[in-house]
Amino acid sequence: MKLPRRVPWANINELDQLCSWVFMDESDLEAKRFAVNRLSAWRAVTALPHALESTLSILTARLIDTSETQQSPSWLSLRQNYAAAIIRMVNGLVDPLQAGAYARSIASIAAQLGLPSWLVELRHSATHEDLPSLEVLREAARESLTWLLHNYFLPTINPSAPRPSTAPPLRPVTPLLKQYKTLVKIVARDTSLRKQNQPDIDAIMRDIERWLAEAKLAADFAADAYGWETIDGNDVEQEDSREKWALERLCDALIEKGALVSLSQKRRNLPSDEFVPPHSSLVLWTPLLAHTHTYHPTFPSVLTTRIVENLLYEQPDLGFDMDIVSLEADESQNDPSYHLALAKWAVWVIKAYDNVQENGELSLRKNVIVQLASTLAPGKTEGAKKIDV
């Protein structure tokens, strides 16, 4: 259950009124002063969401720019005010999303947020180079307010309204897994090539980690994906749900034929005294699994859950194109050797990573037992996958 959130306004009509003051008439300076006073009063009582802080900074700069009482305005001071407001807005949007193990470019995060690329370039120029001209900064302030209107004010005032969908689709992770598999195969066949290929393998792992960071943002590309609603600290529950969604997308790609499970049926289930994946598969994939587990402790739990779900249920068509592209065409949903190989991976993950979670969650073994019992118990098998053995 999510805890109640603190917001500065007493009711949504106050935010609606603020929105009208800011955006109804650009030339109405009196309305802009009302908006600045309202935002300043709110900030005296509680912390403001980043969107409202940015709105306040930009409006303050515009009021100074248009003040009639200022006889000899300092153009440098005006440029600095505008630049600071825009820099803080862009940084405040991007920095919270730099949560992965490896840094992503500001441009790539801004693109996912639908933030105009030229605002990112202006932020870089104002921070590291010469200040942009006053006209360019004024236009940037207008563009920033327009972006805030469509990505914060309107979705917050009317949550049921369609959200802006300016973010590009999430790139598929399958090509990264293919590259990883190819490189590790080369090293497995000739260990003398490890020194030559290890930097490339490490780079692919970093790219997969960056992909997970992108997926976490794509998990909830809506107004609250920018952290708008979080005022008094990080929303751990919301962050956990995004982490889980991103890991599920990675696991779905891993359990496709051609990844953890070999395309060759003969190689999937070689004779062995233990119920574990073939040694060749373990050599290929355990480095990546261990690396992912290092930065995402819940990864083994998500992987075993997705494997069991794949074994128990027919997988529905998710209906979006930003997720998984199979390593190879999957011609049969009912492939006993594939299901057996997946089950071996689930058993191996449980043996390798099973422990009682510090946060009180069930161990991997108990979690799988609960999944199986809840699905296969009498009267609970509707929708379960029928597997021919």
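Each residue takes its place number in the sequence, starting with 1.
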Pairs in or reaching into residues 114-130: which pass side chain to side chain donor-acceptor pair (under 3.5 Å), with residues at least two apart or in two chains?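 Only N91-R123 qualify under side chain to side chain donor-acceptor pair (under 3.5 Å).
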Could you list the residues that satisfy side chain to side chain donor-acceptor pair (under 3.5 Å) with [X], not counting sequence neighbours?
{"X": "D25", "answer": "S27"}
{"X": "R88", "answer": "none"}
{"X": "T292", "answer": "none"}
{"X": "T305", "answer": "N367"}

Quick one: does NZ or CZ of R79 land under 6.0 Å from the six-membered ring centre of W75, within 45 degrees of the ring axis?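 No, R79 and W75 do not form such a contact.
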[X] and [Y]: which non-hydrogen atoms are nearest, and at how many Å?
{"X": "W9", "Y": "L52", "result": "CZ3-CD1, 3.9 Å"}
{"X": "L137", "Y": "P132", "result": "CD1-O, 3.5 Å"}
{"X": "D16", "Y": "I157", "result": "CA-CD1, 3.8 Å"}
{"X": "T304", "Y": "A346", "result": "CG2-O, 4.1 Å"}
{"X": "W345", "Y": "L260", "result": "NE1-O, 2.9 Å"}
{"X": "H293", "Y": "F299", "result": "N-CD2, 4.2 Å"}

In chain order, what residues pass the ring pair (Phe, Tyr, Trp, His ring centres under 6.0 Å) check against F153, with sequence neighbours excluded? F23
Counterpart residues, ring pair (Phe, Tyr, Trp, His ring centres under 6.0 Å), relative to H279 (two or more places apart): none
Running the 4.5 Å side-chain criterion over Ile, Leu, Val, Met, Phe, Trp and Tyr, what cluster does [X] land in, apart from itself?
{"X": "I186", "value": "L193"}
{"X": "L76", "value": "L131"}
{"X": "V45", "value": "none"}

Side-chain touch [X]/[Y], heavy atoms, less than 4.5 angstrom:
{"X": "P49", "Y": "Y152", "result": "yes"}
{"X": "I255", "Y": "L342", "result": "yes"}
{"X": "L93", "Y": "W147", "result": "yes"}
{"X": "L149", "Y": "L154", "result": "yes"}
{"X": "Y82", "Y": "R62", "result": "yes"}
{"X": "P287", "Y": "M205", "result": "yes"}
{"X": "V184", "Y": "V187", "result": "no"}
{"X": "Q179", "Y": "T182", "result": "no"}

I need the full list of salt bridge (charged side-chain N to carboxylate O under 4.0 Å, His left out) pairs touching residues 276-290, with sequence neighbours left out, sorted by first then second residue.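 Salt bridge (charged side-chain N to carboxylate O under 4.0 Å, His left out) check on residues 276-290 returns no pairs.
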Would a hydrophobic clustering, with Ile, Leu, Val, Met, Phe, Trp and Tyr connected at side-chain separations under 4.5 Å, put [X] with [Y]?
{"X": "L312", "Y": "V302", "answer": "yes"}
{"X": "L340", "Y": "V347", "answer": "yes"}
{"X": "I350", "Y": "L247", "answer": "yes"}
{"X": "I87", "Y": "I58", "answer": "no"}

Just by distance, do the side chain of [X] and the backbone of [Y] share a donor-acceptor pair under 3.5 Å?
{"X": "K181", "Y": "G258", "answer": "yes"}
{"X": "W211", "Y": "R171", "answer": "yes"}
{"X": "T294", "Y": "A290", "answer": "yes"}
{"X": "Y180", "Y": "L284", "answer": "yes"}
{"X": "N37", "Y": "R33", "answer": "yes"}

Between R210 and D207, is there a salt bridge with N-O shorter than 4.0 Å?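 A salt bridge links D207 with R210.
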Short N-O contact, E209 and R206, less than 4.0 angstrom: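 Salt bridge flag = no for R206 with E209.
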CZ (R194) with more than 12 external heavy atoms under 6.0 Å: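 Not more than 12 within 6.0 Å, no.
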Between atom [atom1] of [X] and atom [atom2] of [Y], what is the distance when rounded to the nearest 0.5 Å?
{"X": "H291", "Y": "D202", "atom1": "NE2", "atom2": "CG", "answer": "7.5 Å"}
{"X": "L148", "Y": "M89", "atom1": "CG", "atom2": "CE", "answer": "5.5 Å"}
{"X": "T298", "Y": "L303", "atom1": "OG1", "atom2": "CG", "answer": "11.0 Å"}
{"X": "L145", "Y": "E143", "atom1": "CG", "atom2": "CD", "answer": "10.0 Å"}
{"X": "L288", "Y": "L177", "atom1": "CG", "atom2": "CG", "answer": "6.5 Å"}
{"X": "N197", "Y": "T191", "atom1": "CG", "atom2": "OG1", "answer": "11.5 Å"}

Just do the side-chain contact (heavy atoms from CB on, under 4.5 Å) check on L254 and L289 with the steps written out, would you? CA-CA 10 Å; L254 284 171; L289 300 185; 4.1 Å; yes
Return the set of residues passing side-chain contact (heavy atoms from CB on, under 4.5 Å) with S133 (not counting sequence neighbours), or none when no residue passes.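 Partners of S133 by the side-chain contact (heavy atoms from CB on, under 4.5 Å) criterion, ordered by chain and then number, come out as E135, V136.
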Looking just at side-chain N and O atoms, do N13 and Q17 make a donor-acceptor pair shorter than 3.5 Å?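 No.
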Mutual orientation of the aromatic rings belonging to W348 and Y353 [parallel < 30°, tilted 30-60°, perpendicular > 60°]: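 W348 vs Y353 ring planes: perpendicular.
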Apply side-chain contact (heavy atoms from CB on, under 4.5 Å) to W42 and L18, showing your working. CA-CA 11 Å; W42 284 350; L18 175 71; 3.6 Å; yes
